[in-house]
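Single-structure report; data block below.
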Protein chains: 2
Amino acid sequence: MTIRDVALASGVHVSTVSRTFSAAHMVNPETRARVMAAANELGYRPNRAARALSTRRTGNLGLIVADIANPFFPPLIKAAQAQARVRDYHVFIADTDEQARVEEELVRSMAKQVDGALLVAPRLSNRTIAELGRDVPFTVVNRRVKNLPCVLMDVASGVRQAITHLADLGHRDLTVVTGPRASWTGQELGRAAAERAAELGLGLHLIGPNPPTEDGGATAAEEVVELGGTAVLTHNDLMAIGLIRGLRHLGRQVPRDMSVIGVDNTDAGRHSDPSLTTVDMPTSAAGRTAIDLLLQSVTLGGTLGTVSLDTGLVARESTGPAPG
Amino acid sequence: MTIRDVALASGVHVSTVSRTFSAAHMVNPETRARVMAAANELGYRPNRAARALSTRRTGNLGLIVADIANPFFPPLIKAAQAQARVRDYHVFIADTDEQARVEEELVRSMAKQVDGALLVAPRLSNRTIAELGRDVPFTVVNRRVKNLPCVLMDVASGVRQAITHLADLGHRDLTVVTGPRASWTGQELGRAAAERAAELGLGLHLIGPNPPTEDGGATAAEEVVELGGTAVLTHNDLMAIGLIRGLRHLGRQVPRDMSVIGVDNTDAGRHSDPSLTTVDMPTSAAGRTAIDLLLQSVTLGGTLGTVSLDTGLVARESTGPAPG
DNA sequence: ATGAAAGCGCTAACAA
DNA sequence: TTGTTAGCGCTTTCAT
């Protein structure tokens, strides 16, 4: 079924058919009706690839993410996809397996096929991102890149609340278990924690980088104990859960001997035992907003600056009064 | 950067450039080297949309799923995406929000843009799927559709183990909390449970359909208690977790007063309190296999029958001896 | 082994 | 408002 078939069936020229689908207002209502009737009859649908060839707009977006199976991302992906659908865009989703090289290759191989791409928590350097950004409009989530629209989850606000929460509970000596070095969120987290700890006159140690996995958290348990603090903030919930497990193996109970706070507010943290005190990230909002920003920059051609979304603290069972 | 630029730069005709990229063996090694050099120099990449127009093969696949944020799906999506990448395919991912209509519309709107699509746990009727399958090669995951390649997770094997496990613990009266009516897995689950219960001479009640969510499980708690059984099998982990919460509100402890088994073996179940006994689904393998099947049917044009993957039981804390 | 030319399905000036 | 025509970037006969 092509535009020609519809043209034939409705007794008009192909360009008229084309117009009824891409600029309906430019065609006589009666003709339009006839064309639509024929199109429906034949089950015609415009071929987006062909359209892309002449318009240079594909109607597709790319969404590149470090790890689809990391429970932090699915709500974001879902929201982004839904928002894109509202605007009649299709979205390619690709998983980089946390590898910068894969990420770059993915962007390159998608570049020609999309009108823009969302880079979620990228592992690439800002320099590379800026460079690739000359080929494809980007929007970046969870990283600040100059001259690119960014959606930031302001982890700092939540982290400050977390540190305050710990101080209120009497903790004076904290440990931060960081994630991958390339993670912007991770850096922000470390920075905000250090700053707030200093303000409150608390001691603070950093451990890392570590893989952002449950095992990564478990492995850090030993060092956490050695450092002697009474409370820990980890890069994400998964690591917090792993850490709690690791601590248990070393004979430490949470929150009795040690308080633990995660980041992400995932299901796993909500259901774990003890349930996890965690920094809540506005992932769905971020996905939606990022698509909006991306489409604005695609259609309007400009860069729309940075949107920062607040984070909060969800206090549950994994934090308690400092021991002793 | 188009094929013309490369042709110009390397002093050959466009068709020769085309051949070096799509049928390298048809071009003189020396010429090929010259062309490749020029292409690399210019950073040329074939435009897949243009290629699609003449070859009628897009190099894209669709992956349609009921709910990206349902923790059951991300590992499957990840595996599918990775496998597609290995074969140099890009993947559109779309979320139907559990709605059959959305699913159909999504398939239709993608049809022209993909070489094939994966329907994961579809909510559409077999008839509609078969009908749509005439436009696009499909592979279906978690549903058996005649004449279409299917990847089934044989939930029956795991469910039989689950029922046996409960019987071994002394339970004689079971309840099954089902999910959405359109779910193939759900029907299989009900069937297998009933069959195995009959074999073992156990009583069995069905409750449903219910939304496959935590709240769906919580809501079912009251009816579960009324029915008077001592063990429950739910459609998925999320519902099991919700059910346990609901039971707790009604003053029932798990597993002391009631044993609960979920399905999916998700993170949430692993970390919940009590940790969940659950039927483990081979989701990653299913994703990988489904892509393989799909690509075979795309490239070879045939239907490759059905692959069934075994499921197992993971016994944890939410099941225990029957009370009394 | 390479070049020439037609065409994939659609859009976008330009004419009428 | 509608028809005409020339491509978009690539592949694929058919010649050479």
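Nucleic acid contact for A:S15: base, since at least one base atom lies under 4.0 Å from a heavy atom of the residue. Residue contacts shown for B:T55 are limited to sugar-phosphate atoms, with no base heavy atom under 4.0 Å away. Nucleic acid contact for B:S18: base, since at least one base atom lies under 4.0 Å from a heavy atom of the residue. In this structure, B:V12 reaches the sugar-phosphate backbone alone: every heavy-atom distance under 4.0 Å involves primed, P, OP1 or OP2 atoms, never a base.
Taking atom CD1 of residue B:I3 and atom P of nucleotide C:dA5, one finds them 17 Å apart after rounding to whole Å. The CD atom of A:Q113 sits 12 Å away from the P atom of D:dC10 (whole-angstrom rounding). Atom CG in B:L8 sits roughly 14 Å away from atom P in D:dC10 (whole-Å rounding). Rounded to whole angstrom, the span from the CG atom of B:N47 across to the P atom of D:dC8 amounts to 12 Å. Between B:K112 atom NZ and C:dC8 atom P the separation is 15 Å, expressed in whole Å. Look at CZ on A:R4: it is 10 Å from C1' on C:dG7, rounded to the nearest Å. Note: CE (B:M1) to C1' (D:dG9) measures 13 Å, nearest angstrom. Protein atom CZ of A:R45 is 13 Å distant from nucleotide atom P of C:dC10, rounded to whole Å.
Closest to the A:T16 side chain, of the nucleotides C:dC10, D:dG3, C:dG7, is D:dG3. Of all nucleotides listed (D:dG3, D:dT2, C:dC8), D:dT2 comes nearest to the side chain of A:T31. Distances from the side chain of B:Y44 to the nucleotides D:dC10, D:dG7, D:dT2 place D:dC10 closest. Side chain of A:S54, nearest nucleotide from D:dG9, C:dC10, C:dT2: C:dC10.
For the OP1/OP2 pair of C:dA4 and a distance below 4.0 Å, the side-chain nitrogens and oxygens of B:H13 include at least one atom meeting the criterion. For D:dC8, the OP1/OP2 oxygens have no side-chain nitrogen or oxygen of A:R56 closer than 4.0 Å.
Using a 4.0 Å cut-off between charged side-chain N and carboxylate O, B:E41 and B:R34 make no salt bridge.
A:S15 and A:S18 share no side-chain donor-acceptor pair at under 3.5 Å.
Using a 4.5 Å heavy-atom cutoff, the side chains of B:T58 and B:R48 are not in contact.
Donor-acceptor pairing under 3.5 Å, judged by distance alone, is present between the side chain of A:R19 and the base of D:dG3.
Of the residues near DNA chain D, A:V14 and B:L53, the one whose nearest nucleotide (by heavy atom distance) lies more toward the 5' end is A:V14.
Annotation: A:R181, atom CZ; neighbour count of heavy atoms from other residues, nucleotides and ligands within 6.0 Å does not exceed 12.
Separating the CD1 atom in A:I291 from the CG atom in A:L63 is a distance of 6.5 Å, to the nearest 0.5 Å.
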